[in-house]
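The chains referred to below are lettered A, B, ... by the order of the sequence lines, with proteins before strands, and numbering in each begins at 1. What you see is a predicted model, and the numbers here were worked out from it, not measured in a lab.
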Number of protein chains: 2
Amino acid sequence: MMATWLAKCGIDTRIVDKRGTKIFNGQADGLQCRTLEIFDSLGFGHRAWRESNHMLEIRLWNPDEAGVIRLSDRIPDTIPGISRFQQVVLHQGRIERFFLDTMQECGAHPVERGVLPAELTIDQSLVEDPDAYPISVRLRHLSEKEATPQQTATSFNGQAVQDGLFRSNMTADDTHEILEAAKLDTKANTEEIVKAKYMLGADGAHSWTRNQLGFTLQGDSTDFIWGVLDIVPITDFPDIRMRCAIHSANSGSVMVIPRENKLVRLYIQLTTTENAADGGAAKADRTKINPDTILASAQRIMAPYKITYRKLDWWTAYQIGQRVGTNFSAHERVFLAGDAVHTHSPKAGQGMNVSMQDTFNLGWKIASVVKGISSRSILKTYQSERRRIAQDLIDFDHRFSRLFSGRPAKDVMDAEGISMDEFKEAFVKGNMFASGIGESCFPCLSSDATTTDECKAVDYGASLIVAKAGDPEDQGDGTDVSVAQEFRVESTQDLAPGILVGKRMPSVKVLNQSDARPWHFQELLPSNGRWRVVVFPGDISKPEQRAKLDAVGAAMNDQSSFLRKFTPPDSPHDAVFELLAVHSAPRGTTTIFDFPEVFRPYDEVDGWDYSKILVDEESYHEGHGKMYETFDISSKGCVVVLRPDQYVSYVGPLEDVGAVNRFFSGFMIPSKAAVGVSAAKPVPATNGLATMKEGNGVKAAAVGAAGAL
Amino acid sequence: MMATWLAKCGIDTRIVDKRGTKIFNGQADGLQCRTLEIFDSLGFGHRAWRESNHMLEIRLWNPDEAGVIRLSDRIPDTIPGISRFQQVVLHQGRIERFFLDTMQECGAHPVERGVLPAELTIDQSLVEDPDAYPISVRLRHLSEKEATPQQTATSFNGQAVQDGLFRSNMTADDTHEILEAAKLDTKANTEEIVKAKYMLGADGAHSWTRNQLGFTLQGDSTDFIWGVLDIVPITDFPDIRMRCAIHSANSGSVMVIPRENKLVRLYIQLTTTENAADGGAAKADRTKINPDTILASAQRIMAPYKITYRKLDWWTAYQIGQRVGTNFSAHERVFLAGDAVHTHSPKAGQGMNVSMQDTFNLGWKIASVVKGISSRSILKTYQSERRRIAQDLIDFDHRFSRLFSGRPAKDVMDAEGISMDEFKEAFVKGNMFASGIGESCFPCLSSDATTTDECKAVDYGASLIVAKAGDPEDQGDGTDVSVAQEFRVESTQDLAPGILVGKRMPSVKVLNQSDARPWHFQELLPSNGRWRVVVFPGDISKPEQRAKLDAVGAAMNDQSSFLRKFTPPDSPHDAVFELLAVHSAPRGTTTIFDFPEVFRPYDEVDGWDYSKILVDEESYHEGHGKMYETFDISSKGCVVVLRPDQYVSYVGPLEDVGAVNRFFSGFMIPSKAAVGVSAAKPVPATNGLATMKEGNGVKAAAVGAAGAL
């Protein structure tokens, strides 16, 4: 994700991974709807959507009065209306493929496999100099044998053992990976030094980078023991293609995750509820855990239904606590993300999602600083925003795990047992949290008071890049991310109550004014590092709105505006900011020539730009998005500022372009300086920023990105 | 299309093309919604949908009373509700890429470039022997120079001339093509003989194959002269991103086709309306036609708006008549398709569509015969079905062209001028015809009596593979495609008035019973050569419907049923027929175990099949398809038989599986014989069936496919 983001922004990046190949099976698989929105913004949402299994319904199976499991509830898996995508399942190897392909399309360096970081030093005297390369990383090249994870080599843990080599998810476009791995030995045991401006450790729960920095994970270290089987099931259990939570009376729980290619993942509790009574802390004898013992547990839990398999794709067992990192960066130069700063149980399908969203938050910020567009001050918002999310996630997971692993209560007097009603409620709320979008995705969710207080969703707090009322320290993880008083801007949330400052921009269909094509609004926000300033002028066939639109156009075109001040001369007109307009006048009697030129910039080769003026009207074939009505946008109009990651920074009146100027002046660098930085481009490749990607279990990831493009 | 279809069916095929490379720009571009449905069935509809420009609205510009062009009408470009796709534009080179990639995925031979057919002979004594190879084709390998079309070499006609090498549609995945072309000289001037069972000439208006067979095109040879420019326009004409028909008062007409990559195609009338008064037959001085003179015509027609360009991607000029081939095959061994059997003007965007649909009709038939599943009798339906379509197309185009090229009438007394109301009506009706689906796509279109009689859509007539009332000769092109009386089956159209026998199966959303995932019904009908028997048992929670369902299951499972009789032993259960069921009982209280096993076949490795039982119920996120209501399917249920190309063969009562048995017995070969044929597989590659693909202008295409897979 980090390397892809930086490639999209044109930043020179190196990425190293100690493993010899990408992943081919097993590992993470759940993709939440917000993750698919992000994939779509990166250009490969459709690939994940097509290849994945879609999960539509959750079914809860609980013991009846006789102790026999029965279907007790059906719940939609993704809350209807929350996103244009729904939760799907696709194994991590395919996700890696999509990122690798996208990096290649952007001309980025490929992942350097079989490379281990050996030493990290930071020159603290240079960390505040934006042009310096304060980071040095010594890298060692591994042999093919060293680069092969042990569980693949032993073929017992994590590898297919029955029916020969069954690798359901090995696809034709992966063969190149395997050929490359065979070449590793030619460079084995050589070393090199990388000098970098910035670095990311996305190197897993046992993060080498985190250890080098002296940071720790804090939290509980105990959990119940669960086994995981990826199988093609042979069963008479009727809901095997649904996401199921099965609580047996006395034998533990199973979660069913139906997957692509006829696979089903089973999360199977291995400690019985008797053992769980002591808090689950008793360590099981791990040498006795193997596919046969895991399957036997599943068979006990799912009885009287029968389940077996002939194809086993992957298996594992885990016993993980809930922990959060104390620091997400050192000097805002070396950053940590993913399992390196948060670990939790996998059953909510959060791991891959929250981890990728960490660096989706960080990538554009580093790119913007490296390019000289933004000051380094914005980098502190990575920790304030993402550490807060990690804390919320761990709180949620802690509660959810205990409910999942507990023995169902026999009746209301059974105080030691878990109430299945409570479990269901937690499942529903957890699902809202897990979506990455959450409860107040106005207007899709009802404002049910019982859910809004507990369900914390991604809602970034006030900061120099989120113009929201309130205390930045309270709304984040405590990091000071406030802006100087002179640049403080207040949003006028009332002008668009459905476009919430701090949340991702929600999406409905709008039409292009020039060709009547319907687009989901989010499709117009690809991840390319650009800020968007979206003008909602209302019905411009009314003279007062037309006059305001003309005034907005004039103010944004003025030499003192953010657009002129922070866009480098001689760069494309939308290099830093993309201006969009969504009006509500009748489409048939409106043309782009009714708009100021700033919304339809002229190019002497390509002519007028037809892509930036939209209209809120019914489409011929795809319904009516009703954007003004859905987001309750004032008929007086408004201006919305969106970050490059689609989160809302600001909502304010049409008349106050000055507030937008002030907002950007709080962290952006006037363009002359920017030109100087981006001109200093041809740095040697070894000066690049290096990223080391996680392997399996022990992960080593350092991201380096250096030099402007 | 033909090579892809046969590759999907596992038939060994060779395809040769005299050109050295695929096409990179220019040529055909319009894709009708039915074509996108077909692409989707072949697995690449989404690629065309994503890369193409979508055309949503047609705008008619006519002279006002002062003779100045004004916007007079807006019409939806694709009739709402007719298809899940809408008309789009994407140049032929990308379409070729999708086919080439799909062929490669299926393990087919690549296109052999720079290969010209030199001699064709047919041994007439062998044509009725299904195991014989009666066709011999002598092929000659060309040099790179010979394989390069002249207009590319001269860089004047059909090539960009301004702003250097502007090939907007040349993409990264095409580089291999160019490298391969450079290797042609190594085989130049060598020859080989191909022996084939079947052959297709898809070699264009000047078809070498057609000439070898002694067949001709019949029809008018005159038309108006039009120029074509593919440009990135610089203009103040506000509707340049809409599909426009612009009739000037006295300077002729322009059609605007907005395309991908900022391109716009302009069809520009070069004969003025004064010249048109003599019928347009006067030949223009073609040496004077060049991009400058074509642009000057456009500027006159579009005045007072200004239009110019800096980027020209491609241009051409044409003067084509409307003609239809006398014969579409010789002995049902050598077939002709596309421009080889029908030529017409390009403005209705039909050329590429109708041509691809020719071979989409033919491919599965040849595959089925080569595999020994069907008798050769079905091959006659290619001509009866497609020649009739070609005749309808030419009739339509003849009328449409004259309306487009004529001078607008000044008033109702102006008998020589064209009525703009008549033009609009023709445009709307033409659009229905052009969709490839047409007027009576129940229930999407209103049953407006004024449209149904004139607008002919794809509606295949009665034949041995379409169980429809009426005279097969009247409903086709006159070819005898009737079935023996003992196999004659009558459909009961009343059981599902919305699923019309002879038309393509329409599509709404249904849910998979096992996982609640919504699918467009057509997505469940991929093009793999299989027939589908779709059972609509109604509400199976009602005992009488459940009993009928059980009886259908038993009858289809019986040794005497079509399923057992025509499926080769030891082949997959759905090798020839795929059984689908769509019920209307409540999903939450139904499971696949409520259905006879024939609808959920058991595999000892993969377990139960979860993919074939569907339910007509509201989805959580994608609405309610209401299949029973939309297609007016009887609550008593029915059985529908679909051809491998998605056209409806039969609608009948649930109780009469015997009729289905009789229908298939009319042309299918019991499986023991089929086993014999498909066992005779390893024939030398040179025994394959060869297809020669069209070049540009002069096209040479012979398809050979031989031997069972």
Please classify the contact of [X] with chain B as side chain, backbone, both or neither, using a heavy-atom distance under 4.5 Å.
{"X": "A/T591", "answer": "side chain"}
{"X": "A/R59", "answer": "side chain"}
{"X": "A/P238", "answer": "both"}
{"X": "A/E622", "answer": "side chain"}
{"X": "A/S611", "answer": "neither"}
{"X": "A/Y620", "answer": "both"}

Q: Give a yes or no on whether the backbone of B/R50 and the side-chain of A/H46 come within a donor-acceptor separation of less than 3.5 Å.
A: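 Flag not set: sc A/H46 to bb B/R50 has no pair under 3.5 Å.
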Given heavy-atom pairs under 4.5 angstrom as the criterion, report whether the side chain, backbone, both or neither of [X] touches chain A.
{"X": "B/E523", "value": "neither"}
{"X": "B/S619", "value": "neither"}
{"X": "B/T308", "value": "neither"}

Q. Run the side-chain contact (heavy atoms from CB on, under 4.5 Å) check on A/H621 and B/H54 step by step: do they pass?
A. CA-CA 12 Å; A/H621 309 93; B/H54 295 205; over 6 Å; no
**Q.** Largest heavy-atom contact set with chain B, pairs under 4.5 Å, which of A/R243, A/E105, A/M55, A/E604
**A.** A/E604
Q | Full working for side-chain contact (heavy atoms from CB on, under 4.5 Å) between A/L511 and B/L56 | A | CA-CA 10 Å; A/L511 308 189; B/L56 280 310; over 6 Å; no
Q | side-chain contact (heavy atoms from CB on, under 4.5 Å) evaluation trace for A/D606 with B/K311 | A | CA-CA 8 Å; A/D606 288 344; B/K311 287 181 178 172; 3.3 Å; yes
Q. When rounded to the nearest 0.5 angstrom, what distance separates CD1 in A/I592 from CD1 in B/I240?
A. 11.0 Å
